[in-house]
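Report on one structure; see the data block that follows.
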Amino acid sequence: MAGRPRALIDRTGRNDMPGSELYETFMALHTRDGGLVMPNAWDGVSALVLAAAGFEAIGTSSAALAAALGRVDGRHSVTRDEHLDHARLLGRVTGLPVNGDFEDGYGRTAEDVAVTVHRAVANALAGIGIEDTTGNPDDPIRDFDDAVGRVRSAVGAAKRRIVVTARTDNFIQGRPDLDDTIRRLTAFAEVGADVLYAPFPPDLESLVAIVTAVAPTPVNVLISPADQVLTVSDLQKAGVKRISLGPALYTHAMGALEQAAIALKAGDIASATTGISFDRVSELLARKP
């Protein structure tokens, strides 16, 4: 099993290094050759499994967190405090840098977004994602100026103490406008965003166009372009610097649970009780960052 990276977060869930040092440490993972794969956890044990596998940083997933709480993602159904507590837990049990997938920044105004960033720094997050979403399914994407202003506010509050990822959700909200996506990402970079992100561009050509247009700012990709799932190596060759999984690992685990439930309902206890042992879970819980 891969060696565990050095712990950065102490058992209280607080940062044990100055904010600027945590920023530099996390940012260095993005700027090195190959960048990083940053899987998303949804609870303490899933975070520990990822840490034990040797990943150097993990992310929260707003979708997985909302689902775990029995709520719908992207509708302001999870509060800022709930997500902060969740992110702090992941950092506390693993000691790894945690990137918070914080939807639209949990606030109606740009000033509210700044408060969220300050709170994220205080709670030892290494990174924070701010989307251009509204939470309104009838009008899901913010106007350009509003979106840019919120990222500017986030960067101003961050002060290079936390990595700011600026994200446009054009593609996943049914707005397949590559030009507007690049316009938004470019503007986010111009106001100081550290990492850029547009989930599920339609194909590899579009992804490369994004990476080229915003260079040298690192680009995150969610799994792959929409048309095919590529390998880590293929994405690295395209210039991607960070690969995240969103709720994919959560739904993978839920898929296994669903099959176990079906087997159990049919009377098959043996098939319903496979998986890692609880001794292994206890071993993971006993590990110290």
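We use all heavy atoms of the structure for the numbers below, so side chains are in, but hydrogens, waters and symmetry mates are not.
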Is the closest side-chain heavy-atom distance between R242 and T165 below 4.5 Å?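 Yes, their side chains come closer than 4.5 Å.
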
Could you list the cluster mates of L264? Members are the ILVMFWY residues connected by side-chain heavy atoms closer than 4.5 Å, either directly or through other members.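 Noted: L264 shares its cluster with I269.
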
Any salt bridge (Lys or Arg N to Asp or Glu O under 4.0 Å) involving residues 129-138? Give me the pairs, sequence neighbours left out, ordered by first then second residue.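 Those involving residues 129-138 are E131-R167, D132-R184.
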
Tell me whether [X] contacts the main-chain N or O of [Y] through its side chain, where contact means a donor paired with an acceptor under 3.5 Å.
X    : Y    : answer
Q259 : A256 : no
T273 : A270 : yes
S77  : V72  : yes

Give me the atom names and distance for the closest heavy-atom approach of [X] to [Y].
X    : Y   : value
K241 : R32 : NZ-O, 2.8 Å
T134 : H76 : O-CE1, 3.1 Å
A126 : P97 : CB-CB, 3.6 Å

Is it possible for you to say whether L222 and I172 belong to one hydrophobic cluster, with membership spreading through side-chain heavy-atom contacts below 4.5 Å?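 L222 clusters together with I172.
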
CZ of R71: more than 12 outside heavy atoms within 6.0 angstrom?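 Yes, CZ of R71 has more than 12 neighbouring heavy atoms, counting only those of other groups under 6.0 Å.
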
Residues which pass side chain to side chain contact (heavy atoms under 4.5 Å, CB included) with A63, listed by chain and number, not counting sequence neighbours: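 A63: side chain to side chain contact (heavy atoms under 4.5 Å, CB included) contacts with S61, D73, P247.
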
